[in-house]
Student: 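Here it is, the structure, as structure tokens.
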Amino acid sequence: MEQTFIMIKPDGMRRGLAGELMARFEKRGFILKAAKLMRVSPELSKKHYAEHADKPFYPGLEQFITSGPVLAMVWQGHDVVRIARAMMGATDAAQAPSGTIRGDYSTSKSENIIHGSDSVPSAQREMALFFAPGELV
Ligand code: IDP
Ligand code: MG
């Protein structure tokens with residue numbers, strides 16, 4: 001069964017949205033396979049966001065993602081990579097429709113509450129960065 005890597009970012013944690021966001025994935029029918037409350041180090045940020053390392057916004061992104069606890073998770077289910085991205089809405093929360101996570105809780109292109117893998121290969125790469133195989137239950 002397909003799995004994806006989802007992370008509630010520091011802004012989502014600061015605002016107390018973890019329980020509500022997890023409930024959305026549960027109610028859609030996805031199964032929680034792993035969860036870890038943690039801080040992202042600058043080193044882990046550089047690996048996780050390797051595709052963005054040369055972008056002008058990367059320094060701000062690293063500062064943001066390391067600014068407080070995140071909730072790293074693996075969710076499993078039918079077509080979960082694509083469906084989770086649809087549930088999140090566009091990267092720029094100002095463009096995300098109401099009813100999506102970003103569209104309901106943010107108007108920012110940077111502090112946009114949640115991360116979700118953009119493809120099955122990305123999901124496998126990101127899960128391996130945050131979890132050891134034995135940590136998936
Ligand atoms: P995604 O999170 O929707 O997959 P990406 O383009 O992969 O979006 O960007 C990763 C993260 O980097 C975004 O979620 C956001 O936090 C941040 N980001 C992306 N583009 C910008 C930008 O133009 N300015 C500031 N931050 C950005
Ligand atoms: Mg992305």
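Order of appearance sets the numbers: ligands from 1, and atoms from 1 within every ligand.
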Student: Mark up the atoms of ligand 1 that fall under 4.0 Å of a heavy atom belonging to R102, in ascending order.
Tutor: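 This gives 1 (P), 2 (O), 3 (O), 14 (O) as the contact atoms.
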Student: For F64, state whether at least one heavy atom is located under 4.0 Å from any atom of ligand 1.
Tutor: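 In this structure, F64 fails to qualify as a contact of ligand 1 - no heavy atom is under 4.0 Å.
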Student: Tell me, please, which residues at least two apart from P42 pass side-chain contact (heavy atoms from CB on, under 4.5 Å).
Tutor: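 For P42 the side-chain contact (heavy atoms from CB on, under 4.5 Å) partners, ignoring immediate neighbours, are K46, E62, T66.
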Student: Among all the protein's non-hydrogen atoms, which is closest to atom 15 (C) of ligand 1, and how far away is it?
Tutor: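 Answer, as residue, atom name and distance: K109 O, 3.3 Å.
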Student: Can you check whether F130 and F5 have ring centres sitting under 6.0 Å from each other?
Tutor: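 Yes, the ring of F130 comes within the 6.0 Å limit of the ring of F5, centre to centre.
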Student: Suppose we measure from atom 9 (O) of ligand 1 to each protein heavy atom; which comes out shortest, and what is that distance?
Tutor: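 Among all protein heavy atoms, the one nearest atom 9 (O) of ligand 1 is H52 NE2, 3.3 Å.
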Student: Which residue holds the protein heavy atom closest to atom 12 (O) of ligand 1, what is that atom called, and what is the gap in Å?
Tutor: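 Of every protein heavy atom, L61 CD2, 3.4 Å lies nearest to atom 12 (O) of ligand 1.
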Student: Nearest protein heavy atom to atom 18 (N) of ligand 1, by residue and atom, and its distance?
Tutor: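 Protein heavy atom with the smallest distance to atom 18 (N) of ligand 1: F57 CE1, 3.6 Å.
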Student: Less than 4.0 Å between a side-chain N and a carboxylate O, is that true for D79 and R85?
Tutor: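 Answer for the salt bridge query: no.
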Student: In terms of residue, atom name and distance, what is the protein heavy atom nearest to atom 1 (P) of ligand 1?
Tutor: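 Its nearest protein heavy-atom neighbour is T91 OG1, 3.4 Å.
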Student: N/O of S110 under 3.5 Å from N/O of ligand 1, yes or no?
Tutor: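 By distance alone, the answer is yes.
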Student: Output the distance between atom CZ (R14) and atom CD1 (I8), rounded to the nearest 0.5 Å.
Tutor: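 Going from CZ on R14 over to CD1 on I8, the span is 13.5 Å.
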